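Below is one structure; the comments refer to it alone.
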Amino acid sequence: RKQGVTLKDTVSNNKPSINILFEQTKSNILKIDNLINQITQTIRDLDLKSEEIKTKIKEESEKLKKSIEKRETRLIDELKEINEEKKRELDNQLKLLKTKKISFQN
């Protein structure tokens, strides 16, 4: 009589262990699948957030640009006004000098 263990005996003896390993493997695969789905959703959420941030930056950039343009226009207008005022002052001084010159010549 042979004392050797057959493959059938090995499988029969280890069937509970094999079933437990199979169930654990199935469970692990489901966990991994779940994690992959969570990661995929997180990536989608990050993409959306990224788009929101880009849009917000673009909007804020436009606001700043308009604000700067308004300020530039206001400053240019103020400078024009100051320039006109100085020109009037100089014109008046010139007229005064001309008047004094004429009075000295006489």
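What you see is a predicted model, and the numbers here were worked out from it, not measured in a lab.
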Inter-residue atom distance Ile53.CD1 - Leu48.CG, 0.5 Å rounding: 11.0 Å
Test salt bridge (charged side-chain N to carboxylate O under 4.0 Å, His left out) applied to Glu52 and Lys49, step by step: CA-CA 5 Å; Glu52 287 174 19; Lys49 199 68 178 164; 3.5 Å; yes
Between Gln41 and Asp45, a side-chain donor and acceptor under 3.5 Å: yes
Asn83 side, atom CG; Leu79 side, atom CG - distance, nearest 0.5 Å: 8.0 Å
Distance, nearest 0.5 Å, that separates CD1 of Ile39 from CG of Leu46: 11.5 Å
Straight-line distance of Glu62 CD to Glu59 CD, nearest 0.5 Å: 9.5 Å
Glu84 bridged to Lys87 by N-O distance under 4.0 Å: no
pair Ser27-Lys31: side-chain heavy atoms closer than 4.5 Å: yes
Ion pair check, Glu69 and Lys66, cut-off under 4.0 Å: no
Euclidean distance, Asn34 CG relative to Asn28 CG, rounded to 0.5 Å: 12.5 Å
Sidechain-backbone polar pair: Thr40 side chain, Ile36 backbone, donor-acceptor under 3.5 Å: yes
Glu81 CD: over 12 foreign heavy atoms closer than 6.0 Å: no
Euclidean distance, Ile32 CD1 relative to Thr25 OG1, rounded to 0.5 Å: 9.5 Å
